[in-house]
Amino acid sequence: MKKFLSVLLVAFVAGAVFAQNSVVEDPNPEVVGNDSAMQALREIPLDNFEREGSWFVHMSSDYGVIAARNFEGAPAMKEPVKGEEDDSENDTQVLGVKVEFFRRGVNSFYITSQRPIPIEGITKTISMWVCGRNQSHDLYILVEDYFGRDYELYMGNLGFSGWKKLTCVVPPSPDNEHGIVQSSPYYGDRPGLKVLGFRVDCNPMLARGTYYVYFDSLRCVTDLYDMENHDEDDMSDNW
């Protein structure tokens, strides 16, 4: 009996140590895609939501009304992008979205950019700071690949309070034909991905009353290896 209790105690301690060490971290862009030795990863700011009217919001009029506007504020834990520290003083706005539901049901609302946001290089991850109101709705980012095909990537659940950085991985195409294709040797030399906007899928049990959510600091980590190692005397295949 004592031996059995000792085994249980050891198992309990080991489980507690494992739980303490199991910290959820952001995806590592260095392991996304192919040979990491042939990468030049850079974090790039895409939009800081500083311009009023640059993002549109809409949802089905059968389920509610939606509005958006800019507010003064920023996440306290947000750090400036390396090399962009001088512009951090101008980063003072966030985008707020307000949804007033008519009734509960299966519905979504959209936040779309006035124009698609292009990303240079091969995108590894996309991140954004979100201020939730502890409602378990799901956030997706809407992107367009090299061939103009639309995809959605899951960014996370909004069941938290305060600001939180949400990050999604852009899965690499296995053959530059299927999945999210960001470059192709057969159609010129301008790789890239475009961000179209976001979609929030509402939890039907919680889609009632008024819901608020705020966004700031849309960024990506992209691989600029081919661009930075392009010879100056080499012609561009984009004519």
Side-chain angles (χ1 to χ4, degrees), residues 24 26-27 45-81 87-117 119 125-144 150-170 194-220:
V24 178
D26 289 339
L46 300 178
D47 197 291
N48 288 325
F49 302 96
E50 297 294 307
R51 295 172 297 171
E52 189 78 47
S54 60
W55 290 84
F56 302 137
V57 293
H58 63 278
M59 68 180 297
S60 172
S61 58
D62 294 334
Y63 288 100
V65 294
I66 187 171
R69 52 165 292 194
N70 283 37
F71 291 89
E72 292 282 341
M77 295 180 292
K78 183 181 68 174
E79 297 181 355
V81 176
D87 294 334
S88 60
E89 295 182 357
N90 299 323
D91 185 8
T92 61
Q93 301 280 319
V94 302
L95 177 67
V97 177
K98 174 184 177 182
V99 179
E100 296 179 85
F101 296 104
F102 292 156
R103 62 180 182 272
R104 290 187 297 188
V106 179
N107 60 84
S108 304
F109 61 88
Y110 295 82
I111 305 99
T112 55
S113 178
Q114 186 178 31
R115 61 185 64 182
I117 303 174
I119 306 177
T125 63
I126 303 175
S127 65
M128 182 172 60
W129 283 89
V130 183
C131 183
R133 286 296 181 259
N134 203 22
Q135 302 285 340
S136 61
H137 308 308
D138 291 316
L139 175 65
Y140 293 83
I141 184 168
L142 310 177
V143 299
E144 179 184 290
D150 294 341
Y151 292 89
E152 59 184 45
L153 299 172
Y154 181 66
M155 294 206 73
N157 186 272
L158 302 179
F160 56 86
S161 298
W163 287 101
K164 182 179 180 180
K165 182 181 178 182
L166 300 180
T167 304
C168 70
V169 172
V170 180
K194 294 180 180 179
V195 175
L196 305 178
F198 310 94
R199 188 186 77 239
V200 176
D201 290 346
C202 302
N203 184 325
M205 298 302 297
L206 303 176
R208 60 177 181 174
T210 304
Y211 176 66
Y212 298 88
V213 61
Y214 302 88
F215 304 94
D216 192 29
S217 191
L218 177 63
R219 302 178 182 181
C220 74

Can you measure from [atom1] ([X]) to [atom2] ([Y]) and round to the nearest 0.5 angstrom?
X	Y	atom1	atom2	value
L196	I111	CG	CD1	13.0 Å
F198	S113	CZ	OG	8.5 Å
F102	S61	CZ	OG	7.5 Å
L46	I119	CG	CD1	4.5 Å
E100	M59	CD	CE	10.0 Å
K165	S127	NZ	OG	4.5 Å

Query - Side-chain (E52) to main-chain (R69) donor-acceptor, under 3.5 angstrom - result: no
Hey, does [Y] have a side-chain heavy atom less than 4.5 Å from the side chain of [X]?
X	Y	value
W55	F215	no
C168	I141	yes
V213	L139	no
M155	V130	no
S60	N107	no
L158	K164	no
C202	F101	yes

Query - side chain to side chain contact (heavy atoms under 4.5 Å, CB included) partners for Y151, two or more places apart - result: V143, D145, R149, I180
Query raised in the report: Residues in side chain to side chain contact (heavy atoms under 4.5 Å, CB included) with R208, at least two apart?
Result: R104
Looking only at heavy atoms, which two atoms of [X] and [Y] are closest? And how far apart?
X	Y	answer
F49	D216	CD1-CA, 3.5 Å
N70	Q93	CB-OE1, 3.3 Å
M128	L218	CB-CD1, 4.2 Å
A207	G105	CB-O, 4.1 Å
V57	V97	CG1-CG2, 4.1 Å

Query raised in the report: Take atom NZ in K78; do more than 12 heavy atoms of anything else shown fall under 6.0 Å from it?
Result: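 Yes, enclosed.
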Query raised in the report: What pairs of residues pass the ring-ring contact (aromatic ring centres under 6.0 Å, His included) test when at least one of them lies in residues 57-81, not counting sequence neighbours?
Result: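 For residues 57-81: H58-Y110, F71-Y214.
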Report task. Could you pull out all residues at least two apart from R51 that satisfy salt bridge (charged side-chain N to carboxylate O under 4.0 Å, His left out)? Result -> D47
Query raised in the report: In chain order, what residues pass the salt bridge (charged side-chain N to carboxylate O under 4.0 Å, His left out) check against R219, with sequence neighbours excluded?
Result: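 Salt bridge (charged side-chain N to carboxylate O under 4.0 Å, His left out) list for R219, sorted by chain: E43.
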Query raised in the report: Tell me the side-chain hydrogen bond (donor to acceptor under 3.5 Å, both in side chains) pairs involving residues 128-138, sequence neighbours left out?
Result: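 Output for this query lists S136-N203, D138-Y154, D138-N157.
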